[in-house]
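Step one of this worksheet: look at the structure below.
The figures here come from the full heavy-atom set of this structure, side chains too, leaving out hydrogens, waters and symmetry mates.
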Amino acid sequence: VNGEAILVCGVNRHEWDPKLGKALREESMVRDIKLMKQFNFNAVRNSHYPNAHRWYELCDEYGLFVIDEANIETHGFAKVVHLSLLQNDWRWKKAFLSRVKAMVRRSRNHPCIIGWSLGNESGSGDNSRACA
């Protein structure tokens with residue numbers, strides 16, 4: 001970060017509240033950040049999709065590094081055919097690129113971002129290489 005090596009000590013976080021489900025309030029986000037900081041975590045991976053805009057602002061404010069993750073998940077094919085089935089199907093390239101571009105555009109100006117994930121349990125192939 002800024003030309004210096006860092007030690008990343010992070011956790012995965014689903015955007016979820018035990019009472020409100022996916023309808024998170026800011027208080028819940030702040031509680032998550034404070035809990036992470038309390039246990040000396042300095043980074044979080046947004047599992048498995050970009051989070052609410054306010055989350056990134058709070059991570060900027062509290063100094064929490066973020067690895068953003070594109071909403072690409074294809075593990076449902078693992079039992080049927082192969083995890084990387086859609087990764088190697090040119091007909092899905094536009095959809096992969098669209099999701100990754102949208103993620104990068106929405107979070108690229110946040111200082112908390114230290115990396116982007118091309119998806120969760122989505123294998124590898126031509127489409128992820130095109131996104132990289």
Pairwise distance [atom1]([X]) to [atom2]([Y]) - rounded to 0.5 angstrom:
X      : Y     : atom1 : atom2 : result
Asp60  : Glu57 : CG    : CD    : 7.5 Å
Asn127 : Trp92 : CG    : CH2   : 10.0 Å
Asp17  : Arg31 : CG    : CZ    : 6.0 Å
Glu73  : Ser47 : CD    : OG    : 9.5 Å

Where do [X] and [Y] come nearest, in terms of heavy atoms and distance?
X      : Y      : value
Arg54  : Glu61  : NH2-OE1, 4.1 Å
Leu64  : Ala43  : CD1-N, 3.6 Å
Asn71  : Tyr49  : CB-CB, 3.8 Å
Leu118 : Cys131 : CD2-CB, 3.9 Å
Ile113 : Ser107 : CG1-O, 3.3 Å
Lys93  : Ala130 : CE-CB, 3.6 Å

Are [X] and [Y] linked, directly or through other ILVMFWY residues, by side chains that come within less than 4.5 angstrom of each other?
X     : Y     : value
Leu58 : Val66 : yes
Phe39 : Tyr62 : yes
Leu97 : Trp90 : no
Phe65 : Val44 : no
Met36 : Val1  : no

Flag the pair [X] / [Y] as yes when at least one side-chain heavy-atom distance between them is below 4.5 Å, and no otherwise.
X      : Y      : value
Leu86  : Phe96  : yes
Glu69  : Asn120 : yes
Asp126 : Arg129 : yes
Val8   : Arg45  : no
Cys9   : Phe41  : yes
Arg13  : Glu15  : yes
Met103 : Asn46  : no

Backbone N/O of Gly125 and side chain of Ser128: donor-acceptor pair under 3.5 Å: yes
Over 12 non-hydrogen atoms of neighbours within 6.0 angstrom of NZ in Lys37: yes
Passing candidate, ring-ring contact (aromatic ring centres under 6.0 Å, His included) with His110, options Trp116, Tyr56, Trp55: Tyr56
